**Q** 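Starting off with a structure, shown below.
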Amino acid sequence: MEFMVKNWFMLTLVGQDGPGIVAKLTGVLHAANCNLGEASMTRLGGNFTIMLMVEFEGVAESLEKTIFPVCDSLNLRCHVDLIEGQLHRHVEPDVRISVHGADRAGIVAEATKVLAEAGLNILNLESDVGGTSNAPIYIMHIEGVASKGIEPLKEALAVLDREVDVVTDLSEIEILRG
Amino acid sequence: MAILEILVYPDPRLKQVSTPVEKFDDSLRNFIADLEETMRAGPGGVGIAAPQVGRFERIVIVDVSSKPKIPHHGHLVLINPVVIQHDGWEVGREGCLSVPNYTGNVGRWEQIRLSAQDQWGNACVFEMQGFEARAVQHEMDHLQGLLFLDRLVSRRGSLFKRKVYKPAVTNSNVEKD
């Protein structure tokens, strides 16, 4: 009898967005005895994207065989990685930073470079392009851990405000535990 | 004194609505001492409610005095608390002794006026704001069988800023024409 080990995989799926994708996909995974972990699904520029932790009894190739038919039917491209399923070890952010300005190439690189040097460990980053096609604006929210404290981050943002044409804001996240 | 066992979600008892305290005796005060010790035993806990340890009476303890630079009333034992007035709305991050390893964003009234009794049954009224007001509302939710999980707002797009406390206006710092 073949003994199968349960493994955690990260599924990455990208494709044209449409209603019912998550339901169809997770239905197939459930039918294949998969257990889902943490997930992040978002629509980026009209595209459906999801990263999904899946616990599956078998190897990556078997999981791919299980989901490729539903991916094909939904016109999704799929990627499977074997990962360590580190659940129940959430790292909590202590700072939230927002950056916005007229959209142009280089905002993320410039902002995250100075923030990384000032000790920011990014846990979550979300960005949107708003405005109009003639005058697009870029809005980015970051949550992270200020490993060197808040002051170096404030100084880094002051430099960005001064030298790069963006508006930044920093607020500390105070977690209430009751 | 003893550290009591904390009920952890999804324990259905956390959904139970607590009843008002009617007897203010030594047994109540002994329980409050145990509840206090249980709150202090958890890492960073600033409040606790009696139903979190399986006693379904309207008792909460809040003490946010460990947080720097915020207005507060120190150590508070609030029995039969009622919010009688509220103002403003603010989203902030909360976690809970009864919900390990998860925090989420929750909206709360920014300022509240609260009536309650102390552990001897004396009536008292408090006006509080910001973090302390949030802590009291979080704990009072437990008395109604609610957890912060029942009030979560999405992380994405939930812009919120930490409250900046303005100094109280007194006669000495009001500019006169």
Side-chain angles (χ1 to χ4, degrees), chain A residues 17 22 37-45 47-51 53 85-100 122-130 137-146 149-151 153-154 157 167-178, chain B residues 6 39-40 42-49 51-52 60-64 66-70 90-106 108 130-143 146-148 154-165:
Chain A
D17 195 21
V22 177
E38 299 180 353
S40 172
M41 184 239 127
T42 192
R43 187 181 151 101
L44 298 175
N47 299 282
F48 171 88
T49 73
I50 193 167
M51 297 192 79
M53 285 176 67
Q86 295 187 355
L87 295 174
H88 317 294
R89 287 188 229 171
H90 279 125
V91 176
E92 296 299 343
D94 57 13
V95 66
R96 183 176 175 94
I97 291 165
S98 65
V99 177
H100 64 84
I122 297 176
L123 297 175
N124 190 20
L125 183 153
E126 294 159 356
S127 70
D128 288 282
V129 179
I137 56 172
Y138 193 77
I139 310 107
M140 173 167 69
H141 296 298
I142 298 172
E143 286 185 350
V145 175
I150 295 294
E151 280 314 309
L153 295 177
K154 285 184 176 168
L157 291 177
V167 178
T168 66
D169 183 70
L170 177 151
S171 49
E172 291 178 53
I173 298 175
E174 184 123 55
I175 298 175
L176 181 143
R177 292 184 196 283
Chain B
I6 292 180
M39 177 183 91
R40 306 256 175 229
V46 296
I48 195 166
Q52 286 182 279
V60 309
I61 301 176
V62 167
D63 185 353
V64 299
S66 60
K67 300 284 172 188
K69 295 184 283 187
I70 60 167
E90 200 173 38
V91 173
R93 187 82 122 233
E94 298 184 15
C96 184
L97 298 170
S98 296
V99 186
N101 197 41
Y102 183 77
T103 64
N105 295 333
V106 179
R108 302 283 187 192
F131 196 74
E132 186 178 48
R134 170 173 298 277
V136 167
Q137 291 169 76
H138 176 112
E139 301 313 335
M140 284 179 65
D141 264 357
H142 284 296
L143 308 180
L146 291 172
L147 298 170
F148 79 97
S154 159
R155 289 197 181 185
R156 189 172 170 86
S158 58
L159 255 182
F160 66 91
K161 290 174 67 90
R162 191 186 191 197
K163 183 172 172 62
V164 177
Y165 294 93

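Residue numbering restarts at 1 for every chain, and letters A, B, ... go by the order of the sequence lines. Quick note: numbers below take in every heavy atom, side chains included, and nothing from hydrogens, waters or symmetry partners. Here the structure is a predicted model, which is why all the values come from computation and not from measurement.
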**Q** So does B:Y102 get a backbone contact from the side chain of A:H90, meaning a donor-acceptor N/O pair under 3.5 Å?
**A**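 Between the backbone of B:Y102 and the side chain of A:H90 there is no qualifying donor-acceptor contact (under 3.5 Å).
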
**Q** Please find the pair of heavy atoms, one from B:N101 and one from A:H88, that lie closest to each other, and give the distance.
**A**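 Result for this residue pair: ND2-CA, 2.6 Å.
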
**Q** Search all heavy atoms of A:R177 against all heavy atoms of B:G44 and return the closest pair with its distance.
**A**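 For A:R177 and B:G44, the tightest heavy-atom pair comes out as CB-O, 3.8 Å.
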
**Q** Which answer fits B:E94, side chain, backbone, both or neither, if we ask what part of it has an atom under 4.5 Å from a heavy atom of chain A?
**A**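 Contact with chain A involves both backbone and side-chain atoms of B:E94.
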
**Q** Show the nearest heavy-atom pair for residues A:G178 and B:E139, with the distance to one decimal.
**A**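 Reported closest heavy-atom pair: CA-OE2, 2.9 Å.
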
**Q** Quick test of your reading of the model: are B:R134 and A:E174 salt-bridged, counting only N-O distances below 4.0 Å?
**A**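 No, no charged N to carboxylate O under 4.0 Å.
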
**Q** May I ask you to name which of B:G47, B:G45, B:P100 has the most heavy-atom pairs under 4.5 Å with chain A?
**A**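 Top count of heavy-atom pairs under 4.5 Å with chain A: B:G47.
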
**Q** Taking B:C96, B:G42, B:G95, B:S98 one by one, which has the highest count of heavy-atom pairs under 4.5 Å against chain A?
**A**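 Of the candidates given, the most pairs with chain A belong to B:G95.
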
**Q** If every non-hydrogen atom of B:F131 is compared with every non-hydrogen atom of A:I175, which pair is closest and at what distance?
**A**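 Distance-wise, the nearest heavy atoms are CZ-O, 4.0 Å.
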
